[in-house]
Every structure is written in structure tokens, then in C-alpha cells.
Amino acid sequence: MKNLQVAKILNEIADILEMQNVEFKPRAYRKAARTVESLSEPIEEVYQEKRLKELSGVGESIATKIAEVVETGTSQYLEKLKKQIPVDVEALTSIEGMGPKSVKKLYEKLKIKTLDDLVRAARQREIREIKGFGPKTEKKILEHLELARRGTERILLGFALPIAEEIKEQLRKRGAVNQVEITGSLRRMKETIGDIDILVSSIKPEKTADFFVGMEDVRDVLAKGITKCSVILKSSIRVDLRIVEAKSFGSALMYFTGSKDHNIKLRKIAMTKSYKLNEYGLFKKDEQIAGETEEKVYGKLGMDWIPPELRENQDEIEVAKKHKLPKLIEYDAIKGDLQVHTKWMDGQNNIEQIAKAAKALGYSYICITDHYSKMVIAGGLNDHQIKKEIEEIEKTNKKLEGIEILKGAEVDIDQDGALQAKKSILKDLDIVIASVHSYFNQPKKKMTKRLVSAMESGYVNILGHPTGRKIRTRKSNPIDMNDLFEASKRTGTYLEINAFPERLDLNDFHARAAKEAGCRLVINTDAHNIEHLKFMRLGVAVARRGWAEQKDVINTLALKGLMKLIKS
DNA sequence: GCCGTTTTCGGCCCGACTGTTTTCAGTCG
């Protein structure tokens, strides 16, 4: 995935153009950068399929530059701009509060080109001598240096969500607030997030702000006002708080949930109706005609309420205008988890503990799927062990009420697409998951054929974590997704959305493509202990971001319906 | 440089906070 690299270069171009006081172009480059950054498919593919210009904010000129970056890794245009102003804009602007204009001034007056130059000048108290700067700027530069050097790595959704919920809970209990919601990319449930955004309505904004910046986990206060506060937690995560009145809560919720490009489009629609839309409401002249709830604002703009997960400026606004939005799968629609590991292999809990935890979550079934491999060496249960495990499942089923434990296994697809398992054993299982755990670097054709062969074996019900990617650490295996979708339908093999935080595989983009191709999905946690079962909502979020409805996901079915489907 | 239910030119989202000023520019989201 070169997406981040492309976005970085586009942003850098925007920075330099802004330093040169070029109008409007920086905005165009930034918009294109945002689009590429939030794209869920590799920009290389978009380029190869000649779809660059279909991207929002990408026209003739930027498409050419993206193509160049994809092919060569650099942009001649950027190199030319850099020669005109030879400063490390990217590093310098990564300091909180430093933008292109400040960088330019410091270059002109003090010849500051790098982060090191900047730090030296700040320490020697040279910066305060420049008009527009002062001692506080110097102090801020030195304070935020470490943060800037470390870079701003995005956080996994599954890691950020509990932290945000904890803050929300604290504000609810002790922050003098009426309403409190998590907003931003977290509310949209993006797979990674940059920071945590929280919105509250409060009758005592000062008290709320005081409480917020005084929370125990706060390491650093970046800004504190009665409508807006920003802090850095001890864990280096940035949290922004917005405080509004109740009559503006809905419009503020929309505004801070984003995405930015979704909002901009809404504002433009408001303008065509001679309205003005901002975080305080929807206004006709000076009169607020909506704002208390999101539903009302969307309604006045002539469309249905759009679930946060869809607000990515794809086609959701057009579809909402036509009242054709899908009825997305609900977070509580899942009836059971079909990929769970136990102590029999590398999990931490036994079958009974897992079954009880699943029952407590309201599930009516759970499928035990420890690794099984006929090759003793491969690190899975062997033939004898899995038979013993099946016996334990049967015994536990007799003992427990209100939850059905299904017999399953996760089997490895070898490099040629064969299942490393005895057919006689697979026949005795309720559900067989097949997945790839080795030889990731095969050519696209071979990898695709490998997956399709496994699906055609006649024994496989679910293809586990289909692309093999791990967020930030392992790229997707090369797969022709259209061939995969076709095989999925033809063989009745369901594609997994693996809900483990660093997997989320399929991702939102592929989930939508699969749904549109007519495939059905299954959402599993791949839990290795009972706490992991709670990752389910991350998988449901991916499905929702992929526009999936309840009928698209097979483990929303009751046990009887599920087993009928599997047997067929 | 992009874009269009005011289309191929003429616009381009908008408000809060900060640090510097003494009314505002720059930055951020």
C-alpha cells in the first residue's frame, strides 16, 4: 500500500505552495491527500485500473502526479518546489502549532531548514526576536519536540475505543454534562484513528473544561476554552473535547463526527438551499431551523439520517437523498461466534469457560475452532487430539443449557491449496474454517488459485481472514478478489470478517465489494481468551462500513437456520 | 487545481484558540 506515501507527498506539495502564498491549490492538494489517505484499497490498484480521476478531489493534474509517485516513489514537481524552498516542511510542521507560514518566516529570517535548526534557534532565544513570535512559541517548540520526532502513528480502533469509553464514562459521572458522545473517526469506527474526539453538552462549561484537563491520565494540556479543549494523555493519545449547548448537540455531533469531506458536501447542499450549516445548527438567515438532533438536520437537508460508519463521502449522501440507504446490521444482531480457540491449542480458556462467556454475551451458539493439522509438526492438534476435543465438546454440551457448542476447526491451506487435514475428521465437524498461515509471497495467480482450490474441496465452510493482512505490519496477500467472490458464491464458502483488532480482514472496502458481488459474510473474533470475544463489535463495524445488512451476515441466523445453510 | 440540480468559468466550509498583538494572522479540526 503506497497510500500513505502518496498522501504524504501531496500534503508536502500543499505545504510548500502555501508557503509561496499560492491560493486555492494547497486546498486542492490537501483534499486529494485526504481522499487517498482514507482510501481502503491500494492506490496502486486504482492507478492500474485507471480509476484515479474517479477519486474525489483528484483531477487531471493530481492524477498524473499520483501515477508518478506510484511508479517512481517520488514527484518531480515536489522536487522542483523543494529546490525553491529547501526546508524539511514535513518535519517542521509536525510540531503542534507550526504551519507553513511560520516555517517560511523562520526560513527567511533565521535560515531554519530542519528540526535541529529549529531547536537550536529556540534554545538560543532567537525565535522570540522575530515579529509575530515570542517566548511562548519557543517554549512550545521545545515542549512538543519529542512528540513531533516520534511521529503521529495512528492507533488501532480496538485499542482506542475502550479508552474513549472510559473518558466518556468519567465525563458522564463527574463532568457536569447533560449529553456526552464519542465523535470523530472513532464514531465512524475507522480501523485506525488519529485522536479521540468527545462532544458534550453542558450547563457549566467552565466546570466541564476544568474537569477534563484535570483528569488523572492527562499529561499535557494543548488548549483550554469553554467550547474546546485539547489534551495529550500519558499514553501519548490526543483527546479533543468540544462543549456545546443542548440545542446544538445534533449539528455539533455531525460536525465533529465528519468525515471532513462528508461535512463539506453537506455544507454545500445547505448553501444551495440558502441555509448555513455549522456546528451550532442549520440556519435560515439567523434563525436556527435544526440542530438539536442529527435526524432533523439531515431531514431539513432533504435526506435520511446517515449512520456514522457510512459518512466517508463515497455515495452515501446521494443514496440518502433517494431514501435508499441499507438497513445496516445492528451491533447486537450476532447470534454466535464461529472462530474461537481454546486451551487445547494456543488459547487461554477451556471449552466450558468459553461457552459460559458466550452465553453471557447473549449468544445462542459458539464454534470451537482450534488449529487442526494432520502434520504433527505444523503446530495444530493432531488427529487423536481433535477427536478427544470433540468428545469434550459433546460432554460439555450435555452439561450446559442455553448455548450450543459447535464442533469446528481451523485448518491450514498449504502452498498448493490442499487442506492439511484428514477428510474423515472434517466430515465429523459442524464447521470448517480454512485459512492461509504461510507462503504469503506467492504471485497473485498462484495465491488466488490456492484459495479457490481450498474452497472447492467440498469441506470448507468459511475462508478465514481472507487477505491475511495485519494493520500496519503485514500487507494483504495478492489475491484477485473478483475470482475469490465468484468462488465464494459458487462453492457456498462464506468469507470471514475477522474482528481481531489488527486483522479486520476482510476490511470495509472488500466487505462492500463482496456484498455487492452477492457474497455472504461471517463475522468472527478469532478469540484466544474470553476477553477477546468482545472484539465482535469491531467486526460488525467493518461490516457496517461495508454497507452490509443483517441478511448479508450468516451468524445473525438462529442456530437452526445457520446449520441448514451450512449443510446445504 | 478541482468541480458542477446556479456546469466548462468562477468560485472554493467555517469557527475556536493561541500568541502575538492592540485588532489579527496562523493553525487546527
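Note that this is a predicted model, so its numbers are computed, not measured. Throughout, protein chains are lettered first and strands after them, A, B, ... in sequence-line order, and every chain is numbered starting at 1.
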Contact class for [X] vs. all strands (heavy atom < 4.0 Å): base, sugar-phosphate, or nothing?
X: A:Lys136; value: sugar-phosphate
X: A:Glu23; value: nothing
X: A:Lys260; value: base
X: A:Ile226; value: sugar-phosphate
X: A:Asn263; value: nothing
X: A:Arg128; value: nothing
X: A:Lys276; value: sugar-phosphate
X: A:Lys65; value: sugar-phosphate
X: A:Pro100; value: sugar-phosphate

Answer syn or anti for B:dT7, where the cut-off is 90° from 0 on the glycosidic torsion.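 Chi for B:dT7 falls in the syn range.
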request  = Check whether the side chains of A:Arg154 and A:Thr192 place a donor and an acceptor atom closer than 3.5 Å, and report yes or no.
outcome  =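 Checked: A:Arg154/A:Thr192 side chains pair up, N/O donor to acceptor below 3.5 Å.
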message = Would you say A:His262 and A:Glu316 are linked by a side-chain donor-acceptor pair, where the criterion is simply a distance under 3.5 Å?
response =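 Note: A:Glu316 and A:His262 side chains meet the donor-acceptor criterion.
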Using the [atom1] atom in both, what is the distance from [N] to [M], to the nearest Å?
N: B:dT20; M: B:dC14; atom1: P; value: 30 Å
N: B:dT8; M: B:dC13; atom1: C1'; value: 23 Å
N: B:dT22; M: B:dA16; atom1: P; value: 24 Å
N: B:dC12; M: B:dT7; atom1: P; value: 15 Å
N: B:dT18; M: B:dT23; atom1: C1'; value: 14 Å
N: B:dA25; M: B:dT21; atom1: C1'; value: 10 Å
N: B:dG15; M: B:dG10; atom1: P; value: 27 Å

Closest approach to the side chain of [X], judged atom by atom: which nucleotide of [options] is it?
X: A:Ile264; options: B:dA16, B:dT18, B:dC13; result: B:dC13
X: A:Lys268; options: B:dC13, B:dC2, B:dG29; result: B:dC13
X: A:Met271; options: B:dC13, B:dA16, B:dC28; result: B:dC13
X: A:Lys140; options: B:dG19, B:dC28, B:dG1; result: B:dG19

Using whole Å, what does the distance between atom [atom2] of nucleotide [N] and atom [atom1] of [X] come to?
X: A:Leu92; N: B:dG26; atom1: CG; atom2: P; value: 17 Å
X: A:Ile317; N: B:dC13; atom1: CD1; atom2: P; value: 14 Å
X: A:Ile127; N: B:dT18; atom1: CD1; atom2: P; value: 20 Å
X: A:Tyr29; N: B:dC12; atom1: OH; atom2: C1'; value: 16 Å
X: A:Arg187; N: B:dG29; atom1: CZ; atom2: C1'; value: 17 Å

- prompt: If you pin A:Gly59 and A:Phe24 to their nearest nucleotides in DNA chain B, which one's is more 5'?
  reply: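 Its nearest nucleotide lies further toward 5', so the answer is A:Gly59.
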Map A:Lys101 and A:Pro135 onto DNA chain B by nearest heavy atom, then report which one ends up closer to the 5' terminus.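 Nearest-nucleotide comparison on DNA chain B picks A:Pro135.
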Is the shortest side-chain N to carboxylate O distance from A:Glu549 to A:Lys515 below 4.0 Å?
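Yes.
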OP1 or OP2 of [N] sitting under 4.0 Å from any side-chain N/O of [X]?
X: A:Thr272; N: B:dT5; result: no
X: A:Asn278; N: B:dG15; result: yes
X: A:Thr137; N: B:dT20; result: yes
X: A:Arg27; N: B:dC13; result: yes
X: A:Ser56; N: B:dC2; result: no
X: A:Arg242; N: B:dG15; result: no
X: A:Ser102; N: B:dT27; result: yes
X: A:Lys31; N: B:dC3; result: no
X: A:Lys228; N: B:dA16; result: no

- Using centres under 5.5 Å plus planes under 30 degrees as the test, is A:Phe133 stacked with B:dT20?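 Given the distance and angle limits, no, they do not stack.
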Determine the interplanar angle of the A:Phe535 and A:Phe500 rings, folded into 0 to 90°, and report it as parallel if under 30°, tilted if 30 to 60°, perpendicular if over 60°.
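A:Phe535 and A:Phe500: perpendicular rings.
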Side-chain donor-acceptor pairs under 3.5 Å in residues 226-233 of chain A, sequence neighbours left out?
from     : atom 1 : to       : atom 2 : distance (Å)
A:Ser230 : OG     : A:Arg238 : NH2    : 3.3
A:Ser230 : OG     : A:Asp240 : OD1    : 2.7

Which distance, rounded to the nearest 0.5 Å, do you find between the CD1 of A:Ile155 and the CD of A:Glu191?
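Reported value, rounded in 0.5 Å steps: 14.0 Å.
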Is it true that the NZ or CZ of A:Lys284 lies under 6.0 Å from the centre of A:Tyr275's six-membered ring and within 45 degrees of the ring axis?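 Checked: cation-pi criterion not met.
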Flag this pair as yes if the NZ/CZ of A:Lys296 is under 6.0 angstrom from the six-membered ring centre of A:Tyr298 and inside a 45 degree cone about the axis; otherwise no.
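No - A:Lys296 does not lie over the ring of A:Tyr298 by the 6.0 Å and 45° rule.
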When only distance counts, do a donor and an acceptor, one from the side chain of A:Tyr255 and one from the base of B:dG29, lie under 3.5 Å apart?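 Between B:dG29 and A:Tyr255, which were checked side chain against base, a qualifying N/O pair under 3.5 Å is present.
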Tell me the partner of B:dC17, counting only Watson-Crick (N1-N3 plus N6-O4 or O6-N4) or G-U wobble (N1-O2 and O6-N3) with both under 3.5 Å; none if nothing fits.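 Partner of B:dC17: B:dG26.
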